[in-house]
Novice: 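Pasting a structure below so you can have a look.
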Amino acid sequence: MAHPVSDTRTPQATASGTAGRGQDAPEQPAAVVARLRATFRTGRTRPLEWRTGQLRQLRALLTEHGEDLAAALHEDLGKSRKEAFRTEVDFTVREIDHTLEHLEEWLRPEPAPVPDFLGGATAWTVHDPLGVVLVIAPWNYPAQLLLAPVVAALAAGDCVVAKPSELAPATSAVLARLLPAYLDAEAVAVVEGGVPETTALLEQRFDHIFYTGNGTVGRIVMAAAARHLTPVTLELGGKSPAFVDRGTDVAQVAARLAAGKFLNAGQTCVAPDYVLTDPETARALESALADAVTALHGPDPAASPEYGRIVNERHFDRLVGLLGSGRTVVGGGHDRETRYIAPTVLAGVAADEPVMQEEIFGPILPIVEVDGLDEAIAFVNDREKPLALYAFTEDEDARRRLSEETSSGGLAFGLPVAHLTVPDLPFGGVGESGMGSYHGRYGFETFSHRKAVLDKPLD
Ligand code: NAD
């Protein structure tokens with residue numbers, strides 16, 4: 001195992017956060033924040049070397065304990081080893097590598113032109129760390145969605161309190177054990193727990209709060225942050241539509257839609273939530289989607305080692321309640337004991353049916369028929385701004401209109417979900433799907449303050 005970079009830790013401080021420190025009572029949130037703030041004030045998190053050292057340590061954690069994380073993700077969500085590495089472990093390693101490659105360049109002061117009336121002066125901006133930040137993660141990608149913001153915060157030179165989701169308890173436990181062992185435990189603390197623990201944390205003053213989850217809790221987080229005038233990033237969800245135009249290659253579209261939708265059993269914030277298409281394309285797409293599901297997971301997805309499970313019984317029951325909408329083209333089967341819901345496609349779904357009233361967040365794909373692009377755009381604009389909008393069309397005018405006439409966190413043509421793997425694209429929502437963004441440079445910016453500096457010589 002790689003050794004933590006900090007040599008200033010006391011043995012007592014190694015078990016940071018949740019279960020307390022050593023045999024002592026759990027460390028109180030105020031004490032955790034005070035401890036990290038004291039570290040921040042020493043200035044030790046500022047140098048590039050500290051930041052890159054922490055990032056390398058986190059990389060070592062992932063390469064040395066990828067299997068532990070994959071096992072925990074399997075326990076929490078039935079994730080296959082392959083999917084756990086692809087979407088959580090390796091994803092985070094790539095985010096670290098991109099950051100290590102560019103951090104020095106991001107930290108360079110950027111000159112700003114100075115107006116003539118300030119003759120002789122120069123101006124520039126620098127990125128200052130914010131201080132002590134809080135990262136609150138959800139259960140669906142419980143490692144990636146905790147660690148990717150932590151990467152950005154460490155790159156920015158901040159101290160971090162990381163709060164994993166209690167709904168993915170095995171992953172939460174692995175992260176709580178490993179993070180303080182690999183990282184500077186006086187600068188990074190893990191606090192495990194659910195609503196009471198998070199509520200207690202939110203009473204503290206942070207310099208930024210980064211929350212990923214649903215809009216109801218997003219509002220609670222923002223209200224708590226407002227008491228301290230703390231800025232927030234809210235990475236939320238919503239119903240991300242997929243528009244399929246006439247004349248597209250439905251077999252290709254279906255294969256990509258199914259891969260994006262049924263990843264992690266549909267429990268992906270940017271999964272295509274529903275399909276909008278004309279009646280004729282809908283007919284062709286229905287059978288193509290049935291074929292695509294079989295190609296992905298075989299005739300019995302319950303036996304597929306690559307297909308995940310629903311996180312808990314509450315979500316299972318909620319999703320089963322949505323299965324009654326429209327006509328079932330493929331899937332529909334479910335088993336409460338194993339929290340299995342088959343990859344399901346529902347056709348001829350009306351806009352007022354239950355499955356169209358909330359973010360599905362599970363393996364159910366409704367097809368809603370519209371008469372063409374105009375109605376599809378109106379359908380999207382009549383609803384909350386989604387986290388992602390997907391369009392399958394080669395028509396340049398349709399692409400331009402979708403881009404200019406709708407608003408969404410991200411827009412992707414021809415391929416769902418993958419835009420978030422491009423490290424130079426900001427990842428985030430707009431309106432009800434969230435505020436702020438991260439990944440790559442955007443994450444570094446989110447956790448930094450861009451400070452304006454002016455210098456006019458005294459001569
Ligand atoms: P969740 O239930 O795990 O909650 C997220 C976090 O909020 C957890 O750490 C939890 O402890 C905390 N929390 C819950 N209730 C709280 C309360 N009352 N007060 C304070 N903290 C509280 O996850 P979830 O919200 O069910 O996640 C699913 C949602 O997240 C979906 O809407 C999905 O689209 C969205 N999501 C968004 C992204 C993104 O990157 N934009 C990524 C994943 C999930």
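In listed order, ligands and their atoms are each counted from 1. These figures come from a predicted structure and were not determined experimentally.
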Novice: Of all the non-hydrogen atoms in the protein, which one sits nearest to atom 40 (O) of ligand 1, and at what distance?
Specialist: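 The closest one turns out to be F427 CE2, 3.2 Å.
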
Novice: Starting from atom 21 (N) of ligand 1, what is the nearest protein heavy atom, named by residue and atom, and what distance separates them?
Specialist: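 Answer, as residue, atom name and distance: T198 CG2, 3.2 Å.
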
Novice: Tell me if the aromatic rings of F210 and F447 count as close, with their centers under 6.0 Å from one another.
Specialist: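 Centroid separation for F210 and F447: below 6.0 Å.
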
Novice: Side chain or backbone, does I136 bring an N or O within less than 3.5 Å of an N or O on ligand 1?
Specialist: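 Between I136 and ligand 1, no N or O pair is found under 3.5 Å apart.
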
Novice: What is the closest protein heavy atom to atom 7 (O) of ligand 1, and at what distance does it sit?
Specialist: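 The answer is Y211 CE1, 3.2 Å.
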
Novice: Taking distance alone, with N or O pairs closer than 3.5 Å, would you say W139 contacts ligand 1?
Specialist: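 In this structure, W139 places an N or O atom under 3.5 Å from an N or O of ligand 1.
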
Novice: Do ligand 1 and L145 have nitrogen or oxygen atoms that lie under 3.5 Å from each other?
Specialist: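 No.
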
Novice: Using side-chain heavy atoms (C-beta onward) and a distance below 4.5 Å, is V368 in contact with F379?
Specialist: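 A side-chain contact exists here, since the closest heavy-atom pair is under 4.5 Å.
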
Novice: So which heavy atom in the protein is nearest atom 3 (O) of ligand 1, and how far is it from that ligand atom?
Specialist: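 Sorting protein heavy atoms by distance from atom 3 (O) of ligand 1 puts S165 OG, 2.7 Å first.
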
Novice: Under 4.0 Å from any heavy atom of T212, which atoms of ligand 1 are there?
Specialist: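 Checking each atom against T212, I get 5 (C), 37 (C), 38 (C), 39 (C), 40 (O), 42 (C), 43 (C).
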
Novice: Tell me whether L167 has any N or O atom under 3.5 angstrom from an N or O of ligand 1.
Specialist: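 Not met; the criterion fails.
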
Novice: Taking 4.0 angstrom as the limit and counting only heavy atoms of K163, give me the atoms of ligand 1 inside it, by number and element.
Specialist: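 The list of qualifying atoms is 8 (C), 9 (O), 10 (C), 11 (O).
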
Novice: Near L387, which atoms of ligand 1 are under 4.0 Å from a heavy atom of that residue?
Specialist: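 Reading through ligand 1 atom by atom, the close ones are 41 (N).
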
Novice: State if G434 counts as touching ligand 1 under the rule of any non-hydrogen atom under 4.0 Å.
Specialist: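 No, G434 has no heavy atoms under 4.0 Å from ligand 1.
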
Novice: Below 3.5 angstrom, do we get any N/O pair linking S433 and ligand 1?
Specialist: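 In this structure, S433 places no N or O atom under 3.5 Å from an N or O of ligand 1.
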
Novice: Run the contact test for Y141 against ligand 1 with a 4.0 Å cut-off on heavy atoms, strictly below, and give the result.
Specialist: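 No, Y141 has no heavy atom closer than 4.0 Å to ligand 1.
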
Novice: Can you report which non-hydrogen protein atom sits closest to atom 32 (O) of ligand 1, along with the distance?
Specialist: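 The closest one turns out to be E359 OE1, 2.7 Å.
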
Novice: When you measure from the side chain of N381 to the backbone of E405, do you find a donor-acceptor pair of N or O atoms at a distance under 3.5 Å?
Specialist: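 Judged by distance alone, yes, a pair lies under 3.5 Å.
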
Novice: Do me a favour and list the nearest non-hydrogen protein atom to atom 25 (O) of ligand 1 with residue, atom name and distance?
Specialist: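 Answer for atom 25 (O) of ligand 1: N214 ND2, 2.6 Å.
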
Novice: Just which atoms of ligand 1 are under 4.0 Å from any heavy atom in C269?
Specialist: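 Taking each heavy atom of C269 in turn, ligand 1 has 33 (C), 34 (O), 36 (N), 37 (C), 38 (C), 39 (C), 40 (O), 42 (C), 43 (C), 44 (C) under 4.0 Å.
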
Novice: Taking salt bridge (charged side-chain N to carboxylate O under 4.0 Å, His left out) as the cut-off, I'd like each qualifying pair that reaches into residues 316-336, sequence neighbours left out, listed once.
Specialist: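 Qualifying pairs: E286-R327, E313-R336, D317-R336, R318-E358.
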
Novice: Who pairs with Y442 by ring pair (Phe, Tyr, Trp, His ring centres under 6.0 Å), at least two apart in sequence or on another chain?
Specialist: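 Y442: no ring pair (Phe, Tyr, Trp, His ring centres under 6.0 Å) contacts found.
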
